[in-house]
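What follows is a single structure, written as structure tokens, with notes after it.
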Amino acid sequence: FIWTQSCTRFSALRLLFCFASFIVTLHLVNGDLSYSIPEEIKRGDAIGNIAKDLGLDLRTLSSRKARVDFDGTSKQYCDMNLNTGDLIASERIDRESLCGKKPSCVLKVDLVLENPLELHRVSLHIHDVNDNSPKFKKDLIEMEGNRFSIEEAHDADIGQNAVQRYNLQKNDNFILAQDSNTVELVLENRLDREKQKELNLLLTALDGGSPQRSGTVVIHVTVLDANDNAPVFSQAVYKASLPENSPPDTVVIKVSATDADEGVNGDVTFYFGQVSDEDVNAFSIDPKTGEIRVTGVIDFEDRSSFEMRVQAKDGLGLNSYAKVTIDITDINDNAPVIYLKSLTNPIPENVSPGTEVGIINVQDRDSENNRQVRCSIQQNVPFKLVPSVKNYYSVVTTGQLDRELVSDYNITITATDEGSPPLSSSKTVQLSVADINDNPPVFEEQSYSAYVTENNKPGSTLCSVSARDPDWRQNGTVIYSLLPGEVNGAPVSSCLSVNGDTGVIHAVRSFDYEQFRSFKVHVMARDNGSPPLSSNVTVSVFISDVNDNSPQILYPGPEGNSFMTELVPKAAHGGSLVSKVIAVDADSGQNAWLSYHIVKSTDPGLFAIGLHSGEIRTQRDISESDSMKQNLIVSVKDNGQPSLSATCSMYLLISDNLAEVPELKDISYDEKNSKLTSYLIIALVSVSTFFLTFIIIILGVRFCRRRKPRLLFDGAVAIPSAYLPPNYADVDGTGTLRSTYNYDAYLTTGSRTSDFKFVTSYNDNTLPADQTLRKSPSDFIVKRVFSFL
Ligand SMILES: *[C@@H]1O[C@H](CO)[C@@H](O)[C@H](O)[C@H]1NC(C)=O
Ligand SMILES: *[C@@H]1O[C@H](CO)[C@@H](O)[C@H](O)[C@H]1NC(C)=O
Ligand SMILES: *[C@@H]1O[C@H](CO)[C@@H](O)[C@H](O)[C@H]1NC(C)=O
């Protein structure tokens, strides 16, 4: 048995030899038989000759119905060859299915013989043959981790035929660690997932059979990620440029980072690193996509660039950083601003062209072209801009200013930058022009005329002058005054006065046309400036006549002077000039236009008087029947409204002979008081003497006062022309008087008692040459006296 046991350790090839030994051994053992057979014996192979081993007679076997029975098993693994007595395998005997992993596997067989019944127990020891390879449960083992226990391979065989050892394919990382009951893959060198994500290892399980069998499995090792990689930015520095005023949500730049790790370890999120508070509000970063967007107001003028650190972080907190530089580009969003740095306001109007009146400064917060500013000043003002240092401009006058034309300027200065589109702004500078007293007052008219009727009331208004001065306030305040001068030798102030404020001219006294008809004064208008400016104007005052003088009859003398009796020759024909009434009127024009009428006469048909000449003529021839004495009352009227008149009496004596003079006395006597004659002579002489003296005194006085008195000589008396009223001779034009009468009139004015007449001065052509007037002695005497005077 021991041998048999040892025999089982031999290879299958030696099976047959063992088999023979068994038979011998069984034969020696009296009683039960036992056979040892390898599993998987061929069907029909003899296991042993039972008949022989039991000493049974072959011939009786079939008669005794020898057969093999198995204990309670359905399967008939062996059979009996009745002819040979051999036990023959009739069914496949698989040790592994019969006994599994039991170390010994015995199949019990009963040999039954009948007649007589005989039972022999036969044990079939089935020994293992290496008919199974080691077998892993799966073909592929998925493995993760650092240390991997491997489920052992299974080998249905037992003992040496079971799995004896394992072999691992050669590799860099793993070795096999085996002990009695475990097999492990042990990581020997580090795995780098990033180099090799997975590897397949062939593991072979080997049994100890002969021939040896093996089973293999592929171990698929997936290398798990370790967070050994920080995220890596695609660029170390990101540069972006962004126009200012970009609206919120504008994407500025996108940062990206990769992480070689996987899963959470490779999950990169982005954050801003340390940033200042302002910048935090300006941009945001999308943690997932890395897009940096505008969130706040981007103003180039505040910040022209941003620099931020961006952090990329993976799931387990590995960080890396990149720099993001955002350059803001300028947009022309700031209009230039004009600052008025200084201004001379108001500016005197007399500043010379080119005077600087102000300084402006222009600023634009934008940059480069956007801050290049051009400045201009509005047209049509006498100012210009002169560029000075760096965005400073002087406002300079270009011409003469005149406050009286333009007193205020609104100077509009416009600044435009060179951006596109350009922006501009403007500023209005108000500038006033200060007054300079540069305008004299100017009268509204070149000259003024005032008309006043004589005998005006003192203080009456004659006219008013007015002057304008466009200057300001006191420089334009006009004050009127009279320029000193003389009117007929008297100071103007005694004639006129002017209201200094209003320019109204008043008469100071009453004017007498007969004294002077017009005069001129100068009125000055002066402003109140300092120094004052002035101008003057001529005011002509024209005095108009009023019929205030009644006609003055020069010849014949007033009633009572009966000396002057005209002789009318008896032979006088009709139409002969007999006499003439001479009258003057101090007034002028119509007021001095005299007309003569005979209001009463002794013989109304005999004499007529020339209406305007005053000549008395006979209307018819004198006849003897005519009364010798003729009286006429003549009225002299001027043409004024109302008219004034004077009357006189004319005595005419129709006689050829002075011898008839006594009648003269009678006439005189008749007419007047005869006593008067002597009185008259005395009075005449004394008045004449007095008058002469008076004349001489006046002449003397005048002669001394006037350096060059222009004397008018007529007869024996010289009278300065200055004493004649101006234009007195004009009256001559009216036909009333000739120049010679002027003198007479003058002498008689105001002195009715001194009436006289130079007969010679007028009678040359008024009386016929043959008149005998001069032959009358008394008349002659009278006339000589007058001539002498
Ligand atoms: C200047 O401007 C002021 C205020 O805007 C205005 O009252 C004035 O009339 C202007 N002057 C001129 C000369 O335009
Ligand atoms: C008047 O003119 C003078 C210079 O001529 C000037 O100094 C003064 O200020 C002016 N007065 C006014 C009220 O403008
Ligand atoms: C009056 O005005 C004239 C010019 O209009 C000038 O020649 C003269 O001097 C002035 N007289 C006075 C007193 O101002």
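In this text the structure is predicted, and so the values were computed from the model without any measurement.
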Assess the side chains of [X] and [Y]: does a donor N or O sit below 3.5 Å from an acceptor N or O?
{"X": "Ser613", "Y": "Tyr596", "result": "no"}
{"X": "Asp417", "Y": "Asn370", "result": "no"}
{"X": "Asn455", "Y": "Asp548", "result": "yes"}
{"X": "Asn439", "Y": "Asp469", "result": "no"}

Would a distance-only check, ignoring hydrogens and angles, find a side-chain to backbone donor-acceptor pair under 3.5 Å from [X] to [Y]?
{"X": "Thr295", "Y": "Phe283", "result": "yes"}
{"X": "Asn332", "Y": "Pro421", "result": "yes"}
{"X": "Tyr448", "Y": "Ser466", "result": "yes"}
{"X": "Tyr393", "Y": "Ser376", "result": "no"}
{"X": "Asn528", "Y": "Val478", "result": "no"}
{"X": "Glu454", "Y": "Val546", "result": "yes"}
{"X": "Ser426", "Y": "Thr412", "result": "no"}

Q: Check whether NZ of the Lys or CZ of the Arg Arg303 lies under 6.0 Å from the centre of the six-membered ring of Phe306 and within 45 degrees of that ring's axis.
A: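 So Arg303 does make the cation-pi contact.
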Between [atom1] of [X] and [atom2] of [Y], what distance do you get to the nearest 0.5 Å?
{"X": "Asn456", "Y": "Tyr513", "atom1": "CG", "atom2": "OH", "value": "14.5 Å"}
{"X": "Asp585", "Y": "Asn549", "atom1": "CG", "atom2": "CG", "value": "6.0 Å"}
{"X": "Asp330", "Y": "Glu368", "atom1": "CG", "atom2": "CD", "value": "7.5 Å"}
{"X": "Asp327", "Y": "Glu307", "atom1": "CG", "atom2": "CD", "value": "9.5 Å"}

Q) Can you tell which of Thr647, Val636, Leu594 makes a side-chain contact (heavy atoms from CB on, under 4.5 Å) with Val581? A)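 Checked Thr647, Val636, Leu594 against Val581; only one passes side-chain contact (heavy atoms from CB on, under 4.5 Å): Val636.
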(Q) With side-chain contact (heavy atoms from CB on, under 4.5 Å) as the test, pick out the partner of Arg526 among Ser534, Ser481, Ser535. (A)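 That would be Ser534; it is the only one of Ser534, Ser481, Ser535 passing the side-chain contact (heavy atoms from CB on, under 4.5 Å) with Arg526.
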Q) Going by the side-chain hydrogen bond (donor to acceptor under 3.5 Å, both in side chains) test, which pairs reach into residues 335-362, not counting sequence neighbours? A)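 Listed by first then second residue: Glu356-Ser394, Asn361-Gln363.
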[X] versus [Y], closest heavy-atom pair with distance:
{"X": "Phe542", "Y": "Ser518", "answer": "CD2-CB, 3.5 Å"}
{"X": "Ser424", "Y": "Thr416", "answer": "CB-OG1, 3.4 Å"}
{"X": "Ser425", "Y": "Ile338", "answer": "O-CD1, 3.8 Å"}
{"X": "Cys375", "Y": "Ile413", "answer": "SG-CG2, 4.3 Å"}

Q: I would like to know whether Asn475 and Asp435 meet side-chain hydrogen bond (donor to acceptor under 3.5 Å, both in side chains); could you show each step before the answer?
A: CA-CA 8 Å; Asn475 291 342; Asp435 188 43; 3.0 Å; yes
Q) Can you check whether Phe519 and Phe511 have ring centres sitting under 6.0 Å from each other? A)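 Under 6.0 Å, so yes.
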(Q) Using side-chain heavy atoms (C-beta onward) and a distance below 4.5 Å, is Val255 in contact with Glu291? (A)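 With C-beta onward as the side chain, the pair stays apart.
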Q) Is the closest side-chain heavy-atom distance between Asp545 and Glu514 below 4.5 Å? A)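 In short, these two side chains touch, coming nearer than 4.5 Å.
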Q | Residue pair Asn437, Asp527: steps toward the side-chain hydrogen bond (donor to acceptor under 3.5 Å, both in side chains) verdict | A | CA-CA 9 Å; Asn437 192 22; Asp527 62 28; 3.1 Å; yes
(Q) So for atom CZ, which belongs to Arg468, do other residues, nucleotides or ligands contribute more than 12 heavy atoms lying within a distance under 6.0 Å? (A)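 Atom CZ in Arg468 is not packed in, count stays at 12 or less.
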Q: Only counting residues at least two apart or in another chain, list the ones meeting side chain to side chain contact (heavy atoms under 4.5 Å, CB included) with Phe690.
A: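 Partners of Phe690 by the side chain to side chain contact (heavy atoms under 4.5 Å, CB included) criterion come out as none, since no residue qualifies.
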Q.
With a 4.0 Å cut-off on N to O distance, would you call Arg371 and Asp366 a salt bridge?
A.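 A salt bridge is absent here (no side-chain N lies under 4.0 Å from a carboxylate O).
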